[in-house]
Undergrad: 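Take a look at the following structure, please.
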There are 2 protein chains.
Amino acid sequence: MPDVAPVLDRLDASIDESLERLFALLAIQSISTDPAFAPECRKAAEWLVEDLRSIGFAASVCETAGHPMVVAHHEGEGPHVLFYGHYDVQPVDPLALWESEPFAPALKEVEPGRKVISGRGSSDDKGQLMTFVEACRAYKAVHGKLPCRISILFEGEEESGSTSLKPFLKANAEELKADFALVCDTAMWDRETPAICVGLRGLVGEEVTVKAANRDLHSGFFGGIAANPIRILAKALADLHDENGRVTIPGFYEGVEETPADVLKSWEELGRTAESLLGPIGLFEPAGEKGRSALELTWARPTAECNGIIGGYTGEGFKTVIPAQASAKISFRLVHRQDPDKIRDAFRAFVRERIPADCSVEFAPHGGGPALQLSYDSPLVKTAEGALTEEWGKPAVSIAMGGSIPIVGDFQRLLGMDSLLVGFGLPDDRIHSPNEKYELSSFHKGQRSWARILTALANGK
Amino acid sequence: MPDVAPVLDRLDASIDESLERLFALLAIQSISTDPAFAPECRKAAEWLVEDLRSIGFAASVCETAGHPMVVAHHEGEGPHVLFYGHYDVQPVDPLALWESEPFAPALKEVEPGRKVISGRGSSDDKGQLMTFVEACRAYKAVHGKLPCRISILFEGEEESGSTSLKPFLKANAEELKADFALVCDTAMWDRETPAICVGLRGLVGEEVTVKAANRDLHSGFFGGIAANPIRILAKALADLHDENGRVTIPGFYEGVEETPADVLKSWEELGRTAESLLGPIGLFEPAGEKGRSALELTWARPTAECNGIIGGYTGEGFKTVIPAQASAKISFRLVHRQDPDKIRDAFRAFVRERIPADCSVEFAPHGGGPALQLSYDSPLVKTAEGALTEEWGKPAVSIAMGGSIPIVGDFQRLLGMDSLLVGFGLPDDRIHSPNEKYELSSFHKGQRSWARILTALANGK
């Protein structure tokens with residue numbers, strides 16, 4: 001059985017080199033949602049292939065209809081694991097709010113003894129996926145081999161709906177199927193406490209465009225008689241919630257379960273309150289369903305949120321126009337057994353009902369996937385718990401998560417494979433926002449955690 | 001008494017030259033609402049001063065805190081009139097919808113015997129103001145003098161709230177005060193029927209920005225618990241109207257009078273219906289207050305319209321963000337004795353009531369002015385009616401208008417001066433929209449109309 005101690009030493013000794021590699025990856029502007037950045041996405045994929053080859057992986061850039069995948073394989077004696085991460089990142093606007101350039105990563109000491117890596121993708125997900133790559137590199141350097149048979153899949157469309165993922169998994173099921181998947185795209189409980197994620201909300205993304213007159217109108221001539229698509233859209237959006245914060249779309253709560261009392265109690269004991277969650281972002285009033293705890297609201301309840309809206313004149317000054325159209329991007333977070341297709345259909349029907357007879361509405365789907373609920377006591381979870389507890393010196397906690405990682409559902413459905421979700425992000429990493437960062441301790445101890453987890457898996461612990 | 005016949009002949013003979021001059025003015029990109037175009041606004045003002053000087057006016061560019069004014073004077077024997085127009089134009093977005101360049105004016109034959117002048121500002125208001133300038137030019141050329149004492153005021157901020165207008169009128173009241181004002185910024189009833197406008201809706205413009213969290217949030221982490229400013233804004237906008245299309249802001253209808261039955265009847269006889277008004281823009285359902293005629297809705301009822309809204313991610317693709325803020329531009333059209341200041345205050349209170357305790361709202365005023373109602377039978381109106389009827393061979397009709405021309409109220413309040421509103425625009429001129437045009441017949445017969453009106457005023461008819 002491989003000895004992990006020298007691997008850990010190696011990771012400690014090579015932290016500077018591992019940072020250099022991460023910075024090179026972070027400098028690539030792989031924004032997947034904007035077609036203008038497609039060449040940068042490819043560049044990130046190529047960089048990863050090159051790096052994995054240097055460790056001894058058989059790695060390649062695999063074409064899709066969208067941004068390419070990175071697929072890599074390495075032999076090993078233990079179980080066969082498929083590691084998943086994504087190399088694409090969120091857009092960086094509003095750029096003016098960044099304290100340093102989003103694609104010029106830097107190491108910053110934010111308080112004595114605490115350093116963070118700044119830059120878009122540092123936490124979501126380039127920094128996270130590199131923790132695993134660095135663990136493999138150190139293992140190989142020390143032992144000349146890896147403790148498990150390892151396959152790797154890096155996606156380039158996670159932030160833009162993962163359009164190519166399902167077809168790619170289907171077409172390459174044979175090659176990608178492993179005993180289970182390791183997914184590193186989640187967060188720790190806090191800076192000292194590692195966490196394993198056993199519940200993930202699903203997602204439905206929709207873009208809705210309301211069209212009224214066949215051209216922009218002067219509100220002097222037509223104000224008070226012509227339909228205003230902003231007013232129609234605002235009404236439909238306002239109608240999505242009742243005064244208790246519940247979503248009003250018929251059938252929306254079908255498949256939503258009440259969280260068991262003992263689980264709610266264990267969450268309560270974590271001590272995170274609405275105050276502690278909202279305080280750092282300058283808020284104090286929970287805006288969702290009334291009468292539920294902060295963790296239940298964000299981990300086990302579904303939502304409807306408008307993520308973007310635009311219509312009419314939005315430049316400097318004023319223009320008294322009644323626009324021809326207005327549009328919004330809406331997303332739903334799903335829990336338990338809510339069906340994404342049914343939710344999408346119900347939403348569209350809900351909006352259509354609110355469109356006057358002489359106006360029209362168009363919808364564009366933006367990805368989606370159901371929620372995922374793992375068992376709290378699977379052997380996989382138990383093995384990882386042990387390894388993480390050893391590394392961090394504090395028991396790993398089992399948590400749920402508000403965000404969606406559709407890949408986990410796809411691994412289950414398409415490849416019949418369970419996923420272990422372990423990540424080292426932190427709630428204050430500002431992923432998707434200006435000034436994204438990743439704790440240096442997350443990056444370093446994350447590498448060490450993976451070395452321990454791989455060892456434990458190889459040892460069949 | 002001056003003879004108008006040779007002036008009309010002169011206008012007929014010089015139509016090509018007058019078009020060349022108009023095209024030169026239309027080519028100047030004098031968009032007043034966007035600071036980037038400030039030099040173009042100045043250029044338009046300078047062009048006009050140059051042109052007026054060539055006719056013999058004592059003309060000058062007058063500085064303001066914003067875009068400059070053009071002021072010009074010319075002696076004459078008849079009454080002293082102040083002619084008003086504006087040289088600034090609306091923005092041109094969405095540019096993709098223009099069939100030809102907005103600032104490359106052209107003469108287009110749209111059907112046999114009917115030509116139009118295309119380009120931003122052709123109808124609103126450069127084409128209109130040049131009808132008057134050309135009438136003066138022809139008069140001067142034929143008679144060596146003008147039939148009235150004429151002052152001219154061209155504004156450069158009409159499309160952006162007329163911020164500098166009141167201070168300028170106050171500071172130059174002595175110089176600008178005339179017996180009455182002539183305003184050419186309105187429309188004809190239809191292509192053959194001249195009109196005099198005796199009612200104008202007022203305007204209140206407001207920009208509202210709702211602020212929630214201190215940064216953009218990931219909707220996975222914070223969806224369902226953090227306030228979403230788009231949702232708050234949408235709710236406030238949706239609440240502005242009840243199910244009968246009435247504005248719900250407390251006190252909004254204070255000062256609104258029911259239009260007298262005989263006036264409503266005269267409007268009915270004009271034959272414009274909701275169908276005929278909405279059909280050309282692809283709509284058929286009146287969206288305003290229920291149970292009122294199309295002309296009453298657009299001429300004599302107040303409105304609340306959202307002219308622009310923006311928040312969150314509005315680029316290509318999708319971003320699951322809960323934005324830190326969202327904002328909208330709202331305008332109210334006012335009638336009769338509605339008080340703009342009261343309406344603004346009531347709207348702000350209405351929105352503030354709908355802002356959660358941990359969020360905030362900011363307002364920015366964008367101009368405004370009360371409605372104006374002129375007498376249907378003033379001598380000034382009667383004189384113009386006669387001249388217009390002579391030129392067009394059809395009785396001029398007295399109408400109201402849905403748009404606002406705040407200058408008219410300012411002339412009344414600050415200079416104690418009545419205004420005669422005569423214009424040659426048409427409802428299908430697409431002012432404020434892509435593909436703005438002005439009928440060649442409006443431009444030509446508009447020049448002839450002013451020659452006749454000035455003559456009639458000089459003759460004291």
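Proteins get letters first, then strands, A, B, ... in listed order; numbering begins at 1 in each.
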Undergrad: Evaluate B:Leu217 against A:Ile281 for side-chain contact (heavy atoms from CB on, under 4.5 Å), listing each step before the verdict.
TA: CA-CA 9 Å; B:Leu217 306 172; A:Ile281 56 168; 3.6 Å; yes

Undergrad: I need the residue from B:Gly220, B:Ala187, B:Ala213 with the largest number of non-hydrogen atom pairs under 4.5 Å to chain A.
TA: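 Between B:Gly220, B:Ala187, B:Ala213, the count favours B:Gly220.
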
Undergrad: For B:Phe222, is there any backbone N or O sitting under 3.5 Å from a side-chain donor or acceptor partner on A:Thr298?
TA: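 No, the answer is negative, given that no donor and acceptor are paired below the 3.5 Å cut-off.
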
Undergrad: Return the CG to OH distance between B:Asp93 and A:Tyr313, rounded to the nearest 0.5 Å.
TA: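 Answer for the CG-OH pair, B:Asp93 versus A:Tyr313, is 6.5 Å.
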
Undergrad: At a 4.5 Å cut-off on heavy atoms, which part of B:Ile330 comes close to chain A: side chain, backbone, both, or neither?
TA: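 Contact with chain A involves the backbone of B:Ile330 alone.
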
Undergrad: Non-hydrogen atoms of chain A under 4.5 Å away: do they reach the side chain of B:Leu97, the backbone, both or neither?
TA: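 The answer is neither part of B:Leu97.
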
Undergrad: Check A:Arg333, A:Glu159, A:His366, A:Glu305 against B:Thr320 for a side-chain contact (heavy atoms from CB on, under 4.5 Å) and give me the one that passes.
TA: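 Considering A:Arg333, A:Glu159, A:His366, A:Glu305, a side-chain contact (heavy atoms from CB on, under 4.5 Å) with B:Thr320 is found only for A:Arg333.
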
Undergrad: In terms of heavy-atom pairs under 4.5 Å, which option from A:Gly224, A:Gly161, A:Pro427, A:Ala36 contacts chain B the most?
TA: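 Top count of heavy-atom pairs under 4.5 Å with chain B: A:Gly224.
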
Undergrad: Mind ranking A:His241, A:Arg201, A:Gln90 by heavy-atom pairs under 4.5 Å with chain B and telling me who comes out on top?
TA: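 Among the listed options, the one with the most contacts to chain B is A:His241.
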
Undergrad: Among B:Lys319, B:Glu289, B:Arg215, which residue forms the greatest number of heavy-atom pairs with chain A at distances under 4.5 Å?
TA: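 Among the listed options, the one with the most contacts to chain A is B:Lys319.
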
Undergrad: Any idea which of A:Leu278, A:Asp216, A:Leu203, A:Ile225 has the most non-hydrogen atom pairs under 4.5 angstrom with chain B?
TA: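 The candidate making the most pairs under 4.5 Å is A:Ile225.
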
Undergrad: Quick one: do B:Met401 and A:Phe221 satisfy side-chain contact (heavy atoms from CB on, under 4.5 Å)? Show the steps, please.
TA: CA-CA 7 Å; B:Met401 257 189 62; A:Phe221 284 161; 4.0 Å; yes

Undergrad: If we ignore hydrogens and angles and just use 3.5 Å, is the side chain of B:Asn214 paired with the main-chain N or O of A:Pro280 as donor and acceptor?
TA: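 Confirmed, B:Asn214 side chain pairs with A:Pro280 backbone.
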
Undergrad: With rounding to the nearest 0.5 Å, note down the distance linking SG in B:Cys359 to CG in A:Leu283.
TA: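 Interatomic distance, B:Cys359 SG to A:Leu283 CG, rounded to 0.5 Å: 5.5 Å.
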
Undergrad: Who wins among B:Ala227, B:Ala238, B:Ser219 for the most heavy-atom pairs under 4.5 Å with chain A?
TA: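 The residue among B:Ala227, B:Ala238, B:Ser219 with the greatest pair count is B:Ser219.
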
Undergrad: Taking all atoms of both residues into account, what is the closest heavy-atom pair of A:Pro356 and B:Glu285, and its distance?
TA: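 Result for this residue pair: CB-OE1, 3.8 Å.
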
Undergrad: As an exercise: rank B:Pro229, B:Gly308, B:Ser32, B:Gly288 by heavy-atom pairs under 4.5 Å with chain A and give me the winner.
TA: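 Between B:Pro229, B:Gly308, B:Ser32, B:Gly288, the count favours B:Gly308.
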
Undergrad: When heavy-atom pairs shorter than 4.5 Å are enumerated against chain A, which of B:Glu316, B:Lys235, B:Lys329, B:Arg430 gives the highest number?
TA: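 It is B:Lys329.
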
Undergrad: With respect to chain A, which residue among B:Ile322, B:Leu240, B:Asp124, B:Asp34 yields the maximal number of heavy-atom pairs within a distance under 4.5 Å?
TA: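 The answer is B:Ile322.
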
Undergrad: Between chain B and each of A:Pro323, A:Ala274, A:Pro35, count heavy-atom pairs under 4.5 Å; write down the option with the most.
TA: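 Most heavy-atom pairs under 4.5 Å with chain B: A:Pro35.
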
Undergrad: Less than 4.5 Å apart, any side-chain heavy atom of A:Phe318 and any of B:Ser160?
TA: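 Counting from C-beta outward, A:Phe318 and B:Ser160 never come under 4.5 Å.
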
Undergrad: In terms of heavy-atom proximity below 4.5 Å to chain A, should B:Thr303 be classed as side chain, backbone, both, or neither?
TA: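 The side chain, not the backbone.
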
Undergrad: Any idea which of A:Gly312, A:Cys306, A:Ser331 has the most non-hydrogen atom pairs under 4.5 angstrom with chain B?
TA: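 The residue among A:Gly312, A:Cys306, A:Ser331 with the greatest pair count is A:Cys306.
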
Undergrad: Looking at A:Leu297, A:Asp358, A:Val247, which one has more heavy-atom pairs under 4.5 Å with chain B than the rest?
TA: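 The candidate making the most pairs under 4.5 Å is A:Asp358.
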
